[in-house]
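One structure is given here, and the rest of the page talks about it.
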Amino acid sequence: MYEFNYRRANSVFDAVESSARAEDASYLAGGMTLIPVLKFRLAGPSDVIDLAGLSELKGIRSEDGAVVIGAMTTHSEVAGSAEVRQAIPALGDLAESIGDPQVRNRGTIGGSIANADPAADYPAAVVGLGATVHTNSRAIGADDFFTGMFETALEPGELVTSVSFPVPDRAAYMKFPNPASRYAIVGVMVSQGNGGTRVAVTGAGGSVFRVPEMEQALVSNFSPEAVAGISVSADGLNEDIHASAEYRAHLVTVMARRAVAAAG
Amino acid sequence: MDTGIGAAVTRKEDFRFLTGQGSYTDDISRPNQVHAVFVRSVMAHANLRSVDAGAARAMPGVVAVFTGDDLEGVGGVPCGFAPDGGPMNEPPRPVLAQGKVRFVGDMIAMVIAETPEQARDAAEAVYVDYDELPAVVSMEAAMADGAPTLHDLDDNSCFSWGIGDAEATDAAFAEAEHVTTLELVNNRKCPNAIEPRAAIGEFDTAHDSYTLYTTSQNPHVIRLLMGAFVLGIPEHKLRVVSPDVGGGFGSKIPHYPEEIAVTWAGKQVGRPVKWTAERAESFLSDTHGRDHITRVDLASTSDGKFLGLRVHTQANMGAYLSTFGPLIPTYLYGTLLAGLYTTPAIRCTVDGVFTNTAPVDAERGAGRPEATFLLERVVEMAGRELGIDPVEIRRRNFIPPDAFPYQTPVIVQYDSGNYGPVLDRASDLADYAGFAQRREEAAGRGRLRGIGFAAYVEACGMAPSQIAGIIGARAGLYEAAQVRVHPTGSVTVYTGSHSHGQGHETTFAQIVADRLGVPFENVDVVHGDTDQIPFGMGTYGSRSLAVGGSAISKALDKIVAKGKKIAAHALEAGESDIDFTSGEFRVRGTDKSVGFGDVALSAYVPHNYPLEELEPGLDEGAFYDPANFTFPAGCHICEVEVDPETGQAQIVNWNAVDDFGKVVNPMIVDGQVHGGIAHGVGQALLENCAYDQESGQLLSGSLTDYCIPRADDLPSFCIETTETPCPHNPLGVKGCGEAGAIAAPAALINAITDAIGVAHVDMPATPEKVWAALQSAQGE
Ligand SMILES: Cc1cc2nc3c(=O)[nH]c(=O)nc-3n(C[C@H](O)[C@H](O)[C@H](O)COP(=O)(O)OP(=O)(O)OC[C@H]3O[C@@H](n4cnc5c(N)ncnc54)[C@H](O)[C@@H]3O)c2cc1C
């Protein structure tokens, strides 16, 4: 690690202010990504601003047909939340599928979506459920939030405060995990409700994406057969030692079909 | 509670380990120590125009920076084996690069600073000017015409070696009714001991002597190699300590350049120099395992009787020869190709090849998993091609129990074995008869169910030193022990074996408790410190109990023999009239006896003692050189279910019967078998050490990309042992540490190919590979 100034923020305002004053600040949430990045010396922020003390960023509440999750809520809190389990079981399942117990006890939803790892699970939930991301300064719609590989619509210093998930009529998440990291090689969130019908894919591409053809097919016929014959093109999909683009494309259809079946 | 031979005693060492009180090399802090970080090559193949350490030397906390120039006179890292004594290309391996680097991770400079973080900072400031050369990453690229060469040699060939009778094998193929052919890859692995390598080098000016603390499976081997062949330090001036070691799997056998560097530098800077690898560094610089490309042909009659076996293998040595690199794919491999079968003619040829990758050496099983994998795969394939049941084709070819000792066509002579009952019992355990029904039931759930067998024999208990010498080992392979009985009858055993997870402190203590009739708690085992233990060869190749345990047994014989003399004197009887059982020396046929503790006391307080004939004390040493290898054998049966849509294979059943000879601690044996199977499952399903074929960068350089098996990747194992005692060692033991890793890959790939109905899938059988194999099978 390179040396940095450490600061424990005592309010969202304090965190954003400190970040603005610093030369090059990073927020620290669960540290499951940031700490290894620092240890590998892949980043050298001047200041690390720890969000751990901000109780205003923690917790899960139901509000106007939505489940609102504070940015500093851990994956295990989401997985274990009775509110989430009752309103959007698919979201609880997704959180439960992340990494391992240690990672789930530390990693947060805010850190996950701010980091926008192409293989992370939460992006599929945000886009697949049509969530809204709230920050210290604005609300960002799901379809505008993820802009590329490790890239989001967040401005420098902008802080995610919560994510609001509308409660769907039905939804399910199916994931084919990387056996080593347990990130998604392909993960598909399917939902239907007030926000429409959504099919969001993580892991397969540079960033989470929707599959309009599948969504249209499901509008008229929400059944596994409706998506079974629809495949995405392998062009531009991720390719690495774990899976080729063709295999990922194949898995998108399989996972989508299984998600639709599970969503019932 | 019974704590003798055969009892499932809980491990003595577990309290220490489970409460975090183990003392590993990194836990050791020497007064005034400084910290080393190595600058490693980021390129697979390059000439070094210059290495500029000027800026680094000026950084805060920096004590010294050494480059290849500073170590010019220091000997390179030696190799401990040349097949048949040579010829073998044996290019030098400098401790720090001398003008050229040959794999990503090759050491260029050593930065020493007050803190590890300061050393890391300064390591970044060492400027290396690389002149990049094209890299040869695969063996195919390395052996292509005109391929760039790593060393000052005509090509990238290391050795060409053969075993078995080529003419007889050709003749067998000429008369064969059927030939089964298989081309396969035995995938490269990173051993991934949970404790990274670490070393501390220290020089004591007062005594003109060195100490090296290191994560080694064999401290005396390191002392000999480094002292005699590299740094020229006489043995009495060099102490090597391998304290608690957190797993090795073979990767902590070799002598590594970091050990030399810290020992040498400790004297240069006049302070202890400590280095601990980071996980990423371990991936790059620990020796890797396996990495073969093989073609095998099996000649048989139409009713499945094996007539001949022909094997050709290319074995990757990596960029340099590691200590036992050339041993693994030659004598630890070709000699096992008879397997459990009477195949009369076998010919195996192996080409060792240099590539721009990390050096390859032993990994759990070392040669025997590679041999067993190809053999049990080709046997299974032959059965399928000929329409013979996998159990039946094996049984038809088993060496019959009355044929032992059995001379194989590949040098080794099996001492004992009884394979039929092992296979039968394993088949019963696995309910082979009910498999068809389980397959049908799985099909109803959309799953493809398959069953796979692997019967193996392995050679453990390495090794008769004279044979080792004939085949090319530059070492003897005996083991040493010292049994020190203290005046009040408690015992300390000093062993040349080294425990890094095997539980020797328990197993060896059981042997002593059993033989001397002393309480188990009164026996401690010391290992790992060359200043304390007799000259021993260490632990690998499942040798510790068979060779190290036998040395202890021999020393115990001497203790008992001397005890009888002392007792005879005390009991006023003839020595030949004394029996020793359950801790009592007794005059045969009388009730006159004296306890072991009293005998020990009189050995040290020799008031009433035959001093004219007998020295005081009860402290005996022994060296044991085995008469032969030992030959554990067994049969593993695996069942998988494959999801045809994703290609994901799930292991649903694992049954095994192993013959390890006499079992001292069945719980430890179970643990070794479980761990071994996990290791083999890792190789067959999950683990893939992958380099970029162009750049030579390691693509699987972290645990998020390199998948070691976890508990939820494995089923509950159902395992048993049978007991055919080893006829030539005093304990009747054979060895169990590698069996699972040897048997598992073939069982698993046989099961997967059975499930999906294809001839072969290379390891690791990732979901994508299985899916692709299914796709092409359906396309046909
Ligand atoms: C071994 C391992 C396995 C994993 N497996 C999975 C998996 O299966 N699926 C999965 O989805 N993820 C997985 N993860 C990722 C993990 O779950 C975390 O979600 C992720 O590391 C980021 O969350 P964090 O809270 O740790 O953020 P941190 O590491 O603290 O921060 C990550 C980045 O986000 C920024 N940041 C954090 N919080 C905010 C905020 N409120 N506003 C703005 N910026 C912010 C930080 O500045 C930093 O740049 C895995 C991680 C590990 C180490």
* Can you tell which part of B:P767 gets under 4.5 Å to a heavy atom of chain A, answering side chain, backbone, both or neither? => both
* To do: Examine whether an atom of B:S700 lies under 4.5 Å from a heavy atom of chain A, and if so say whether it belongs to the side chain, the backbone or both; otherwise answer neither.
  => both
* Asked: Would one find more than 12 heavy atoms of other residues, nucleotides or ligands at under 6.0 Å from atom CD of A:E213?
  -> no
* Side chain, backbone, both or neither of B:D121 within contact of chain A (heavy atoms, under 4.5 Å) -> both
* Asked: If only atom types and distance count, is the side chain of A:R210 paired as donor or acceptor with the main-chain N or O of A:R198 below 3.5 Å?
  -> no
* To do: With a 4.5 Å cut-off on heavy-atom pairs, point out which of B:L686, B:L703, B:D705 contacts chain A the most.
  => B:D705
* Structure fact -> The interface call for B:D692 against chain A, heavy-atom contacts under 4.5 Å, is neither
* Asked: Between B:N192 and B:E687, do the side chains contain an N or O donor and an N or O acceptor separated by less than 3.5 Å?
  -> no
* With only heavy atoms counted, which part of B:E124 is less than 4.5 Å from chain A, the side chain, the backbone, both or neither? -> side chain
* Structure fact -> Okay, B:A772 and chain A: the region with an atom under 4.5 Å from a heavy atom over there is neither
* Which bit of B:Q648 comes within less than 4.5 Å of chain A, counting heavy atoms only: side chain, backbone, both or neither? -> side chain
* To do: Mind ranking A:M1, A:E246, A:R41 by heavy-atom pairs under 4.5 Å with chain B and telling me who comes out on top?
  => A:R41
* To do: Go through the atoms of B:T766 and report whether side chain, backbone, both or neither lie under 4.5 Å from a heavy atom of chain A.
  => neither
* Asked: Charged N to carboxylate O below 4.0 Å: is that the case for A:D235 and A:R248?
  -> no
* **B:E140 versus B:S138, side-chain donor and acceptor atoms under 3.5 Å** => no
* Asked: Hey, is B:R445 close enough to B:E641 for a salt bridge, meaning N to O under 4.0 Å?
  -> yes
* To do: Before accepting this row, confirm whether a basic side-chain N of the pair A:R106/A:D100 lies closer than 4.0 Å to the acidic partner's carboxylate O.
  => no
